[in-house]
Protein chains: 2
Amino acid sequence: MGGAAPSGTTGGFALIGNMVSHDETRSEDAPAQPPVRPTLKTIARLAGLGVTTVSRALHDAPDIGEETKARVRRLAESLGYQPNRAGVRLRTGRSHVIALVLATEAEELGINSQLIYGISEALSSLTYQLVVMLHDPSADPLGPVRSIVEAGAADGILFARIEPDDARVRFLTERGVPFATHGRTDMGIVHPYFDFDNEAYAESAVKRLASLGRRRLALVGPPPHLAYARHMATGFCRGISTLGLEKVSVEGIDTDSPHERIQAEVQRLMQRADRPDGIVSGGAVAALSVTAGAEAAGLVLGGDFDVVVKESSDLFRKFRPAIETAREDFRAAGRWLAQAIVGRIEGTADADIHFLDVPRIEVSETMDERVVAGGIR
Amino acid sequence: MGGAAPSGTTGGFALIGNMVSHDETRSEDAPAQPPVRPTLKTIARLAGLGVTTVSRALHDAPDIGEETKARVRRLAESLGYQPNRAGVRLRTGRSHVIALVLATEAEELGINSQLIYGISEALSSLTYQLVVMLHDPSADPLGPVRSIVEAGAADGILFARIEPDDARVRFLTERGVPFATHGRTDMGIVHPYFDFDNEAYAESAVKRLASLGRRRLALVGPPPHLAYARHMATGFCRGISTLGLEKVSVEGIDTDSPHERIQAEVQRLMQRADRPDGIVSGGAVAALSVTAGAEAAGLVLGGDFDVVVKESSDLFRKFRPAIETAREDFRAAGRWLAQAIVGRIEGTADADIHFLDVPRIEVSETMDERVVAGGIR
DNA sequence: ATTCTTTCCTGTAACGTTACAGTAGCCTTA
DNA sequence: TAAGGCTACTGTAACGTTACAGGAAAGAAT
């Protein structure tokens, strides 16, 4: 490759390709002393034992003497022995790998980072590795999942953006491959999942807006093909009817829509006579677009309208405290999913474990004052 | 677990032996038809060839007949043959894994997601896998890198947040382990890296602020222990002296500082008589804190002061267009790093390839008007 | 006719691990 | 005393792959 520019770079870069490396002050390709990694054989030789004995000693098998186990463990420790993953994998068929399949679309302010952090964090103490694979949403939805299964690339698979009837869930269930999801289907298939209770979120968001004196509410929900779109809509409608409020329908946009589309649509909406005075957003970036649209219509946040958003970072509370937030913790979700999938793989966890994360709309101080004052600032 | 554990399974998944076909209702963890993964042996048997021949045919070795190669390839294709990674890894010692070591601190609006997307994207066509590992910054800085090397967990390592004298760079160079970094050291050690030209960024940010009529500038830079802190400071100072501006020092905060600290410090700064009227920020979140601090001091963005920020998303341009932005593309960085490290591993790329991403301060339309009008709105 | 080349293919061994089927030695029990 | 049963350990084989040394067949050169 030398100094050739990699394909697929965007404009505006300068490549300083330096394929001249003639001055050989230090021949870097020859490592000084290749440190030989210890294997079971190394330990066995040193301990005067058979390889099998060493293996079983390190696995704490019942038919190995306590004194021998201790000796082997000490030796392994002092040599820095780490089992060769390839050997284990080849012999046992277990890769000790968890695959996370990610869609790049609709990145919501680093939620995937948070998910990855949580998973990595939990896996590191479980001697599993996380491999991340990208999924092109325009291609076959089964693509990555199928290739992982066919290549035996992982012991278990994690994914999100679940549809009510999800082909991946069906496929993996048929194949008997362990998986866990962020989100849940309507299919009645039992599997581990972590979900945010979007129904409860939407309902309490409606309540919150009502407590701020808002009467005509709109929902900018997730893309309708995702399972939680229905949950959120259900909670929203129940809140509306319980409290006797009015619902204003929003057409043609969802939280995945481009900023310009959301902003334009909300602006149009807010210029109508029957405009909403409260909006529930299913996503963080969308809430910013919504607010921008309403402000473009000349309305004032906190005065003419309020917005409730579900967010995973602290950005709103720090920088737009006038927007009400419910916190969704993706890092915790990642931790939970990692533990669930490993439990499932190792047979220590039941298939129908799940976790429903209860939303809590956090009341900032300024908001409290507003409620106490009984009005809108 | 219901049935007996499989004695020898092919891939990463536990396959229950299909020879036992007892009750076929749905015994929960017995998959209907466990598809036996084809191996070289399978193909060899079907083709009436030796295993070695098949292996060499698939590798396009010169000593295999063209007709045989074609036949083997057709067969492999039709069986959906995928080489067993464990077998390859055990035999060749090559894992086909790239490890990305991430620090969770200072997540800047999903930059790590973007980096991961870029790396995954590039690796997927290179038949390498990305494993993500977390690094606790409070622990031994060498920790994850050392354990990857000692466990032979990856063929190459990627990391960022480089220090001027970086222990990881030194360690991996000594061990002869391929690595590539986002950012560069001052150590003079030759290795592949991708860096954003922070020196040029800071200088052009200063120029931009000057063109907006700003005369007294401050820099909120990266944490001083990181290599690019110096680069940014250098560019900032050069811009200041070239243009004959004044520099206002900021003490005790950097882009990693908590929001409250930055906001409080900037507020204090902006209440001084000799307050700056332009601020260059090294990070996106910090820029928001800076702006919040200045506004808390009663100043108006675009009127009393301006801010320039380096960001990786489109958030500022969409939602705070009054803040000037330079775009840093982490996804492109990820793609480049993936290609560089694989090139390094496979010996097709030189060690001293690097890529310096040239910043461009993007001028929004409103900003253009401001400049054309020659004043501050 | 013999030797040498070239072409195309093959068998064996080994990577590090674990499942399995032993075995030697000793201690109980009848 | 013999049979049986523990305890503590061992050797072999196999997982799927590739490096290596080789080898048969056929044509070319002597």
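Heavy atoms only: backbone and side chains are in, while hydrogens, waters and symmetry mates are out.
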Chemist: So, do A/Phe179 and A/His191 have ring centers that fall under 6.0 Å from each other?
Modeler: yes
Chemist: Using 0.5 Å steps for rounding, measure from the CG atom of B/Leu115 to the CG atom of B/Leu100.
Modeler: 5.5 Å
Chemist: Between the base of D/dT17 and the side chain of B/Arg91, is there a donor-acceptor distance below 3.5 Å?
Modeler: no
Chemist: For A/Ile345 and A/Tyr128: C-alpha separation, side-chain torsions, deciding distance, then whether side-chain contact (heavy atoms from CB on, under 4.5 Å) applies.
Modeler: CA-CA 11 Å; A/Ile345 289 165; A/Tyr128 275 73; 3.6 Å; yes
Chemist: In whole angstrom, give the distance that lies between atom CZ of A/Arg89 and atom C1' of D/dT17.
Modeler: 13 Å
Chemist: Once you round it to whole Å, what is the distance between P of C/dT12 and CG of B/Leu40?
Modeler: 17 Å
Chemist: Test your reading of the model: is there a side-chain donor-acceptor pair from B/Arg168 to the backbone of B/Arg146, 3.5 Å cut-off?
Modeler: no
Chemist: Can you list the residues that meet the side-chain contact (heavy atoms from CB on, under 4.5 Å) rule with B/Arg85, with sequence neighbours excluded?
Modeler: A/Arg89, B/His96, B/Gln129
Chemist: Taking the side chain of B/Tyr81 as its heavy atoms from C-beta onward, which of D/dT17, C/dT18, C/dG16 lies nearest to it?
Modeler: D/dT17
Chemist: Restricting both atoms to N or O, compile the protein contacts to nucleotides 9-11 of chain C shorter than 3.5 Å, with distance only.
Modeler:
residue, atom, partner, partner atom, Å
C/dC9, OP1, B/Thr68, OG1, 2.6
C/dC9, OP2, B/Gly65, N, 2.8
C/dC9, OP2, B/Thr68, OG1, 3.1
C/dC9, N4, B/Asp63, OD2, 2.9
C/dT10, OP1, B/Gly50, N, 3.4
C/dT10, OP2, B/Gly50, N, 2.7
C/dT10, OP2, B/Thr53, OG1, 2.3
C/dG11, N7, B/Thr52, OG1, 3.3
C/dG11, O6, B/Thr52, OG1, 2.8

Chemist: Among D/dG16, C/dT17, D/dT17, which nucleotide sits nearest the side chain of B/Leu90?
Modeler: D/dG16
Chemist: For A/Arg85 and D/dG16, what is the distance between atoms CZ and P respectively, to the nearest whole Å?
Modeler: 20 Å
Chemist: Rounded to the nearest Å, what distance is computed from the NZ atom of residue A/Lys41 to the C1' atom of nucleotide C/dA13?
Modeler: 12 Å
Chemist: Using atom CZ of A/Arg37 as one end and atom P of C/dG16 as the other, report the distance to the nearest whole Å.
Modeler: 9 Å
Chemist: Would you say a side-chain N or O of A/Thr92 is under 4.0 Å from OP1 or OP2 of C/dT18?
Modeler: no
Chemist: Given atom CG of A/Leu58 and atom C1' of C/dG16, what is their separation to the nearest angstrom?
Modeler: 13 Å
Chemist: Find the distance A/Asn84:CG to D/dT17:P and express it as a whole number of Å.
Modeler: 16 Å
Chemist: Stepwise, does the side-chain hydrogen bond (donor to acceptor under 3.5 Å, both in side chains) test hold for A/Tyr81 with B/Glu150?
Modeler: CA-CA 9 Å; A/Tyr81 170 75; B/Glu150 283 171 0; over 6 Å; no
Chemist: First locate atom CD of A/Gln339, then atom CZ of A/Arg344, and finally report the distance between them rounded to the nearest 0.5 Å.
Modeler: 15.5 Å
